[in-house]
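Notes follow once the structure below has been shown.
Note: hydrogens, waters and symmetry copies are ignored here, and every other heavy atom, side chains too, is used. Reminder, nothing fancy here: chain letters follow the sequence lines and each chain counts from 1.
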Amino acid sequence: MLRVRFAPSPTGYLHIGSARTFIFNWLYARRNGGTMILRLDDTDVERNTQQSIDSIFDGLNWLDLGWDEFYRQSDRLELHRAAANRILEKGYAYRDFTPAGTATEERVHDGGVFAGDPEQRAMSKEESDRRAAAGEPFVIRFRVPRDTGRAIVFKDSVYGDQSKSCDDIEDFALLRSNGMPTYHLASCADDADLRISHIIRGQDHLTNTFKHILIFEALGAAPPQFAHLPLLIAPDGAKLSKRKHGPVVSVTTYRDAGFLPHAYVNFLCLLGWSPKDNREQLTRQEIVDIFSFEGINRSNSVVNFTEEDPIDPKALWLNSQHLRSLPVAEIMPAVEAVLTGAGYAIPEDKSHFASIVDVIRARYTTLLDFAGKGRPFFADTFAIEPSAMEKLDAPNARPLLRELAARLEADPEFSEATAEAHLRALATEKGVKAGVLINGSRAALTGQAVGPSAFALFSAIGRDRVIARLKAV
RNA sequence: GGCGCCAUCGUCUAAGGGUUAGGACGGAGCCCUCUCAAGGCUCUAAUAGGGGUUCGAAUCCCCUUGGCGCUACCA
């Protein structure tokens, strides 16, 4: 049974690198018929906040991928403590009664690896039990088997064969003196208990994996298969951080910027993974069908943003591609949400609404454009841009547009075709270039000099509004 | 400092011993055209450096350099 998990710690918003890890886990599960587990790794009570939990769910829900099972580490403390004690009982760990922080200095500066305080490490079980029973605080440390000269090895699905001598692994903590498990312990105890078969996570955990394998062994559990992902970094090479790089690191930024969830998922997938056949715009199903660890590369990916352009241009491009190529029905809910959010009344006639969206979406980049550039299609008032004013100021343009309005009004039939016929006939009759009326119509109808074909505008905006706007020039 | 990982156009990437080093985004130009997009075409730009191995290296090995990660009673 294939089981994967995404285990964020709620100490901030949902980071785009975390989002990508979630996506890759989800893809692997869906691709192979496995189970996707969401687990909140909230053992750090000092730093966890409800706000962070909310924002992680916000981001995850927006991605619209879902998960099958949900757990919270804070509900499983007893399991973690029992695991630590089991490891202690088996002799794979020992109590360290050194007061917190006292050994730090030498440990960091001795140029080597913290091999544990020899006295603590060698303490007899009797003395250890006695001092613990007496209420003396202690931390439980893993007794790394250094004397055997053994190396921990594993085969990472992305990075290949990995090996590290136990001489280079420090005696890390499992249980803190306040009785709370450390990340390493909680994570492994849960992974073992939840029968996680594949751990797919950021490369920042690659070297932690050696410790984790030691824990799995001490727990008597077979280590899962590991797959580490290259990290997402900023153009300056640094890891993405909110303090340094701002909102570009939070997925909700992209939601708020008018991205289609799938377009953003598509973008994130292309960072560090490739279908290897030059395709870039892919549907969710297409990605599920071809996703594999072989397509993941090993070097970190730069998210390309600058101060002036805070969003990666490729993400924008992908969004525009999906916006214009998806079946209209699929983007309607998102468009409707944006318009409603911006205070517009949604057209009663849903099919007409869809046809408007279909006409304008080809030149929009984000959903926000529907509320911005799209205003003339959903509201009666809109600004006339200077470039549009120039079209209206062209010789004879205004009287001709008013004449066109009169002719359209006199004709009970109103369609893209009849509007075009009237416009062209009028131009020929008056000896002016059709372009004057075409560009003038666009300017009058939308206040913009650029946009969809003028004829498409007639039907999109509708008879009454068209006549009113042409008359009003 | 120790240990580990990584290194192809500005960015995302393909090519896992033999290619004019391919695609995409971005930028520039042309075509199309009622405008702007879209679309089509063209151009721009890369194997970090040095040694090997080989008939032949972006690809395999070593060194250097650079970047990143871990080295907490953070995750």
Side-chain angles (χ1 to χ4, degrees), chain A residues 7-11 41-44 46-48 96 98-101 103-104 107-114 137-141 156 159-160 162-165 167-170 172-184 186-187 202-211 228 230-231 233 235 237-239 267 270-281 297-305 309 312-318 320-321 324-325 360-365 387-388 391 420 423 433-443 448-455:
Chain A
S9 56
T11 54
D41 277 9
D42 56 353
T43 53
D44 186 359
E46 306 286 298
R47 300 200 303 155
N48 295 163
D96 181 351
T98 312
T104 310
R107 201 189 302 181
V108 174
H109 295 289
D110 68 0
V113 168
F114 176 63
F138 60 86
V139 50
I140 294 183
R141 286 188 185 286
D156 187 272
Y159 288 90
Q162 303 294 316
S163 165
K164 186 164 183 163
S165 166
D167 291 338
D168 295 321
I169 302 174
E170 71 281 1
F172 55 94
L174 296 176
L175 201 67
R176 295 184 259 245
S177 52
N178 63 4
M180 292 295 286
T182 61
Y183 159 75
H184 299 302
S187 178
Q203 192 243 45
D204 47 346
H205 286 298
L206 189 60
T207 42
N208 284 332
T209 306
F210 299 104
K211 295 174 195 167
H228 287 88
L231 268 21
I233 57 176
K239 102 185 201 187
F267 169 70
L270 261 18
L271 254 23
W273 172 81
S274 164
K276 295 181 185 285
D277 59 5
N278 287 341
R279 280 187 298 167
E280 304 213 282
Q281 186 194 348
N297 65 28
R298 285 180 276 274
S299 50
N300 294 345
S301 304
V302 173
V303 179
N304 198 13
F305 63 87
D309 297 303
D312 193 310
K314 194 143 193 176
L316 252 8
W317 173 77
L318 269 170
S320 69
Q321 291 300 309
R324 71 194 44 159
S325 59
I360 58 184
R361 65 175 174 157
R363 59 214 79 211
Y364 289 175
T365 307
S387 53
K391 303 288 186 189
E420 174 164 10
L423 184 149
K433 286 198 293 186
V436 173
L437 280 167
I438 288 171
N439 292 322
S441 295
R442 182 181 301 104
Q448 297 161 13
V450 304
S453 157
F455 305 121

Polar atom pairs between nucleotides 29-34 of chain B and protein, under 3.5 Å, N or O only, would you list them?
unit_1	atom_1	unit_2	atom_2	d
B:rC34	O2'	A:N439	OD1	2.8
B:rC34	O2'	A:N439	ND2	3.4
B:rC34	O2	A:R442	NH2	2.8
B:rC34	N3	A:A454	N	3.4
B:rC34	N4	A:S453	OG	2.5

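- The separation of B:rG51 from B:rG10, taken at their C1' atoms, amounts to 30 Å, rounded to a whole angstrom.
- A search for salt bridge (Lys or Arg N to Asp or Glu O under 4.0 Å) contacts involving A:K211 returns A:E170, not counting sequence neighbours.
- With hydrogens and angles left out, the side chain of A:R363 and the base of B:rC36 share a donor-acceptor pair within 3.5 Å.
- Taking 3.5 Å as the limit, the base of B:rA14 and the side chain of A:K276 contain no donor-acceptor pair of atoms between them.
- In this structure, A:N297 atom CG and B:rC12 atom C1' are separated by 9 Å, rounded to whole Å.
- The partner of B:rA48, taking Watson-Crick or G-U wobble pairs whose two distances both stay under 3.5 Å, is B:rU64.
- Remark: A:Q162 pairs with no residue by the side-chain hydrogen bond (donor to acceptor under 3.5 Å, both in side chains) rule, at least two apart or across chains.
- Nucleotides B:rG16 and B:rG50 are separated by 23 Å at their C1' atoms, to the nearest Å.
- Shown here are the side chain to side chain contact (heavy atoms under 4.5 Å, CB included) partners of A:T365, two or more places apart in sequence or in another chain: A:L316, A:S320, A:D369.
- Position along RNA chain B of the nearest nucleotide to A:Y159 versus A:N300 favours A:Y159 as the more 5'-ward residue.
- Look at A:S301 and you won't find any side-chain N or O under 4.0 angstrom from OP1 or OP2 of B:rU11.
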Between the protein and nucleotides 62-65 of chain B, list the N/O to N/O atom pairs that are separated by less than 3.5 angstrom.
none

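- Atom P of B:rA21 sits at a distance of 9 Å from the matching atom of B:rA58, rounded to the whole Å.
- With sequence neighbours left out, the side chain to side chain contact (heavy atoms under 4.5 Å, CB included) criterion links A:A238 to A:D236, A:K244, A:H245.
- With sequence neighbours excluded, no residue satisfies ring pair (Phe, Tyr, Trp, His ring centres under 6.0 Å) with A:F455.
- Considering only residues two or more places apart in sequence or on other chains, A:Q203 meets the side-chain hydrogen bond (donor to acceptor under 3.5 Å, both in side chains) condition with none of them.
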Listed pairs, N/O of protein and of nucleotides 43-49 of chain B, under 3.5 Å:
none

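- For the C1' atoms, the distance linking B:rA46 with B:rA24 amounts to 15 Å, nearest Å.
- Between the side chain of A:S177 and the base of B:rC73 there is at least one donor-acceptor pair of N/O atoms closer than 3.5 Å.
- Side-chain atoms of A:N208 stay outside donor-acceptor range of the base of B:rG69, with no qualifying N/O pair under 3.5 Å.
- Pair assignment for B:rC70: B:rG2, on the basis of Watson-Crick or G-U wobble contacts that are both within less than 3.5 Å.
- With sequence neighbours excluded, the residues that form a side-chain hydrogen bond (donor to acceptor under 3.5 Å, both in side chains) with A:S325 are A:Q281.
- Every side-chain hydrogen bond (donor to acceptor under 3.5 Å, both in side chains) that A:T209 has, sequence neighbours left out, goes to A:R201, A:H228.
- Under the ring pair (Phe, Tyr, Trp, His ring centres under 6.0 Å) criterion, A:Y159 pairs with no residue, sequence neighbours left out.
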